[in-house]
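Below is one structure; the comments refer to it alone.
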Amino acid sequence: MSKLEQIKATEARLLLQTYDRNPILFVGGTGVHLIDEKSELYLDLLSGIGVNALGYGHPAIERAIINQGRALIHTSNLFFHEGQAELALRLTERTGLDRVFFANTGTEAWEGAMKLARAHAGLLRSEGKNIGTKFLALEQSFHGRTFGSVSTTYKAKYREPFGPVVPGVEFVRFNDVADLRAKFSNEVCAILVESIQGEGGIRPLTQEFFAEARALATSTGALLIVDDGIRPDVTALAKPLAGGIPLGAIVCTEEAARAIHAGMHGTTFGGGPLACAVAIAVIDTIEREGLLAHAAKVGDYFQQRLRELSTKHEAIIDVRGKGLMLAAELDSADLAKLTVAEMLKRHVIINCTSDTVLRFLPPYILEQDHVDTAIAALDEIFTEHAANFTAHAAGGQHLG
Ligand SMILES: Cc1ncc(COP(=O)(O)O)c(C=O)c1O
């Protein structure tokens with residue numbers, strides 16, 4: 001039995017069966033490539049679901065892990081260490097917000113942001129304001145798997161098996177300003193959005209919707225909370241923050257922070273010395289190597305190549321996204337599933353979200369020739385297979 005088969009069998013016996021894993025055993029990585037047990041390389045356009053921004057084996061991350069690992073890994077939040085203040089300085093400078101709380105994951109940061117909103121509304125009530133406890137979240141949202149986060153996550157399959165979830169959440173139609181206005185009232189303590197819905201299919205929030213949410217929240221004192229975004233009262237960050245070491249953060253305004261006092265919220269592991277040291281190394285590397293500008297440039301190229309592909313293959317009905325958070329929506333869920341599997345056979349890793357959306361979340365160090373490799377593989381797959389799938393095959397217009 002191969003090592004992979006042995007691991008599969010043991011996991012099947014011992015783990016909760018929450019994951020439908022691809023049958024590959026990765027043992028290493030270098031740059032934008034993962035390496036499997038047979039030393040074969042895979043072009044990783046998913047980066048551990050948007051986490052490994054610097055790719056694999058980046059010397060800055062290795063150095064930070066080794067140095068901090070030698071010095072101090074964990075202290076708890078009962079004591080000071082050097083990392084939190086330094087990292088908070090970087091996060092507040094870059095977001096324009098005032099204060100930070102460090103958590104471990106995205107869902108934990110979101111959960112804390114929701115608690116902050118409830119506490120803030122409570123503070124406003126104690127000061128005589130008329131404001132309730134309800135949350136407005138968006139349809140197609142995804143905020144994580146813990147109870148608060150899953151309560152504000154739209155898909156019923158994530159929520160319903162665990163009901164009753166946290167009460168007081170209403171969903172607003174995505175980018176529907178009229179629906180937002182209709183559902184907003186003094187009862188609402190926070191409006192919860194993603195600036196680009198990820199799991200929801202790489203769908204950007206419109207400026208118009210964001211502006212209306214901003215204005216409505218300001219009118220009552222409710223908070224505007226953004227999962228991974230800009231210009232809110234509160235934002236929740238995680239994913240690439242510490243380049244693969246778990247770290248989340250709530251970053252908020254001074255006004256929102258008024259609601260939290262010592263002992264109200266906390267964590268054993270959040271913002272530990274190791275995670276903070278690596279996050280500082282990640283942020284400084286992104287800055288030093290100009291990786292945001294690089295990602296924007298390669299992302300534009302990637303998007304343009306996907307658009308070209310969509311003119312050739314009718315199966316691609318939309319291309320969207322920003323920077324290196326990109327999507328190609330297909331007209332068939334079966335074709336999307338097959339495309340992911342066929343890409344993997346060609347050693348290119350992508351995934352599919354919202355049934356029909358091919359999602360690309362590569363490391364920021366991606367280069368144009370990697371994009372060309374991925375586009376060539378997609379072209380080959382659509383040419384070979386797209387005609388067999390119903391939606392456009394029925395129209396008889398397939399050009400590939
Ligand atoms: C927008 C958003 N919020 C929250 C989460 C949950 O993060 P985590 O898996 O780190 O708990 C995710 C994860 O995919 C996400 O995309």
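Excluded from the calculations below are hydrogen atoms, water molecules and symmetry mates; all remaining heavy atoms, backbone and side chain alike, are included. We count ligands from 1, going down the list as the structure has it; atoms in each ligand are counted the same way. All residue numbers in this chain count up from 1 along the given sequence.
Note: Tyr42 and His347 have parallel aromatic rings, judged against thresholds of 30 and 60 degrees for the angle between ring planes. By the 30° and 60° cut-offs, the orientation of the rings of His33 relative to His370 is perpendicular.
Using a 4.0 angstrom heavy-atom cutoff, Ile49 does not count as in contact with ligand 1. At least one heavy atom of Lys239 sits less than 4.0 Å from an atom of ligand 1.
Across Gly106, Ala103, Pro246, heavy-atom proximity to atom 7 (O) of ligand 1 is greatest for Gly106.
In this structure the side chain of Ile349 reaches within 4.5 angstrom of the side chain of Phe26, judged on heavy atoms.
If you run salt bridge (Lys or Arg N to Asp or Glu O under 4.0 Å) between Glu199 and each of Lys157, Arg359, Lys155, only Arg359 comes through.
Taking distance alone, with nitrogen or oxygen atoms compared against 3.5 Å, Glu199 stays at or beyond that limit from ligand 1. Geometrically, ligand 1 and Glu108 share no nitrogen or oxygen pair separated by less than 3.5 Å.
Which parts of ligand 1 touch Glu194 is read off a 4.0 Å heavy-atom cut-off, strictly below it: atoms 1 (C).
Contact annotation for atom 9 (O) of ligand 1: protein absent (non-hydrogen atoms, distance under 4.0 Å).
The protein non-hydrogen atom at the shortest distance from atom 11 (O) of ligand 1 is Thr107 N, 2.8 Å. The shortest contact between atom 15 (C) of ligand 1 and any protein heavy atom is with Phe142 CD2, 3.9 Å. For atom 3 (N) of ligand 1, the closest heavy atom belonging to the protein is Asp227 OD2, 2.5 Å. Summary of contacts: the protein heavy atom closest to atom 4 (C) of ligand 1 is His143 O, 3.2 Å.
Formation of a donor-acceptor pair under 3.5 Å by the Ser76 side chain with backbone atoms of Thr268 is not found in this model.
The residues Glu308 and Lys312 are annotated as not salt-bridged, no charged nitrogen and carboxylate oxygen being separated by less than 4.0 angstrom. Under the 4.0 Å criterion applied to side-chain N and carboxylate O atoms, Asp176 and Arg181 are not assigned as salt-bridge partners.
When the shell of 6.0 Å around CZ of Phe171 is examined, it contains more than 12 heavy atoms from other residues, nucleotides or ligands.
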